[in-house]
Amino acid sequence: MTYKLPIPQNFSFQECLWFLDRNYDDCLHEVRPNAVRKAIFIHNEPTLIEITESSNQLIINVLVGNNSEKEIIDFVKDWFDYNRDLSPFYELLENDDELKYMTSEYAGLRLLAIPDLFEALCWSIIGQQINLTFAYKLKRRFTEIYGTKLNYENADYFLFAKPEIVANIKVEDLLPLQFSNRKAEYLIEIAKQFVSGNISKEILSAHSTAEAIRLLVSVRGIGEWTANYALMKSLKRLECVTYGDVGLYNALHNLKGFDKRPSRETLNLFFKNFKDWEAYTVFYLWRSLAVKS
DNA sequence: GGCCAGGACTCAA
DNA sequence: TTGAGTCATGGC
């Protein structure tokens, strides 16, 4: 089955593809020349889709699994932030001497989402205070054991583990995968919060961003950075700023000459110029850290 | 070998 | 409420 979407204004499939790759080994999607494959649950059925670009259209091929058109289209739109009109953001960028280059250099880059909130939270915890190369390794080891596997043409594709599975893991089980005690504890605790129904995407969606952050931070292992990251990547709360983010600080240091650890005041003053587009600004600043090879 | 990595927790003052 | 110490391990 094949579905098609017209490519909108300020949308670059290639830029998105490049960000999805960034020379990291992400086990939850596979970037190929002019294409990306990803396994997702559609009506709870593992489904493999492949997205390519052709004559100003996104082509979505369902390789294995459930063909439900609406769910698949909705997922792709959510993943690529397809429905967003970026022109207001680009106007803000144009007003910033050091960042205006981004409107052409990164033109059409979309905030690539992590639609699954549980995955977004786990991923941010896995990535806490370690380098990204190692973080992707941890995610792969974890997913290959506790996630769902889908086989297509002799290749394996993985879906992230479900909370019901993770809630029953023991800390000792994760130590051989080189998780620290704390990371293991945090992941299992968050899974339990999902299983018990204390946290879900639906619940957070019903809260303001400030309230959602408060709720998330009350869980052990979720700090301000993680809460903002998850809300930005999963719920598309564009006013979120990943305070404390080393990557963000490095980018601002490089481009704006800010301190390596800028004060909150400095940050807020900067982000005031990007009101309602803070998360996009963070995302583009992350983009600036990666060197195109 | 030393410092850093897309942090969070703990505990003292 | 703020600051220093701790956690843990790979990458460069």
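Order of the sequence lines sets the chain letters (A, B, ...), proteins ahead of strands, with each chain counted from 1. Note: hydrogens, waters and symmetry copies are ignored here, and every other heavy atom, side chains too, is used.
In this structure, A:Leu289 places its CG atom 16 Å from P of B:dC4, rounding to the nearest Å. In this structure, A:Asn131 atom CG and B:dA5 atom C1' are separated by 6 Å, rounded to whole Å. Atoms CD1 (A:Ile213) and P (B:dA8) sit 12 Å apart, rounded to a whole Å. Separating the CD1 atom of A:Ile190 from the P atom of B:dG7 is a distance of 15 Å, rounded to the nearest angstrom. Rounded to whole Å, the distance from CG on A:Asn228 to P on B:dG7 is 13 Å. Rounded to whole Å, atom P of B:dA8 lies 13 Å from atom CG of A:Leu187. Rounded to whole Å, the distance from CG on A:Asp245 to P on B:dC4 is 17 Å. For the pair A:Asn181 CG and B:dA8 C1', the interatomic distance rounds to 15 Å; values are reported in whole Å.
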Practice item. Under the side-chain hydrogen bond (donor to acceptor under 3.5 Å, both in side chains) rule, what do A:Arg182 and A:Gln128 come out as? Steps first, then yes or no, please. Key: CA-CA 11 Å; A:Arg182 279 191 181 163; A:Gln128 282 172 6; over 6 Å; no
Practice item. Run the numbers on A:Asp26 and A:Leu20 for side-chain contact (heavy atoms from CB on, under 4.5 Å), then give the verdict. Key: CA-CA 8 Å; A:Asp26 196 319; A:Leu20 284 173; over 6 Å; no
**Study point:** A:Trp286/A:Thr281 under side-chain contact (heavy atoms from CB on, under 4.5 Å): CA gap, chis, key distance, verdict
**Key:** CA-CA 9 Å; A:Trp286 284 340; A:Thr281 308; over 6 Å; no
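Judged by distance alone, with hydrogens and angles left aside, the side-chain atoms of A:Tyr3 form no donor-acceptor pair with the main-chain N or O of A:Asn61 at under 3.5 Å.
Residue A:Arg182 has no polar side-chain atom (N or O) positioned under 4.0 Å from OP1 or OP2 of B:dG7. Checking the phosphate oxygens (OP1, OP2) of B:dA5, a side-chain nitrogen or oxygen of A:Asn250 falls inside 4.0 Å. A close approach under 4.0 Å does not occur between any side-chain nitrogen or oxygen of A:Ser124 and OP1 or OP2 of B:dG7.
Separation of the P atoms belonging to B:dC3 and C:dT6 is 16 Å when rounded to the nearest angstrom. Distance noted for atom P between B:dC11 and C:dA8: 14 Å (whole Å).
Between A:Lys260 and A:Gly223, the residue anchored closer to the 5' end of DNA chain B is A:Lys260, taking for each the nucleotide with the nearest heavy atom. Heavy-atom distances to DNA chain B give each of A:Leu132 and A:Val217 a nearest nucleotide, and the one nearer the 5′ end belongs to A:Leu132.
Under a cutoff of 6.0 Å and an axis angle of 45°, A:Arg287 and A:Phe19 do not form a cation-pi pair. Stacking of A:Lys139 on the aromatic ring of A:Tyr24 is not recorded, the 6.0 Å distance cut-off and the 45° axial limit not both being met.
At a threshold of 4.0 angstrom between heavy atoms, the contacts of A:Tyr186 are confined to the sugar-phosphate backbone, with no base atom among them. Across all strands, A:Lys137 comes closer than 4.0 Å only to sugar-phosphate atoms, never to a base (heavy-atom distances). Within the nucleic acid shown, A:Leu248 has no heavy atom closer than 4.0 Å to any nucleic acid atom.
Taking the six-membered ring where the residue is Trp, the centroids of A:Trp18 and A:Tyr106 are separated by 6.0 Å or more. Ring-centre distance between A:Trp277 and A:Tyr280: below the 6.0 Å cut-off.
Under 3.5 Å, the side chain of A:Gln128 and the base of B:dA8 form no donor-acceptor pair of N or O atoms.
Contact footprint of chain A on DNA chain C: nucleotides with an atom under 4.0 Å from a non-hydrogen protein atom, first to last in 5' to 3' order, C:dT6 to C:dG11.
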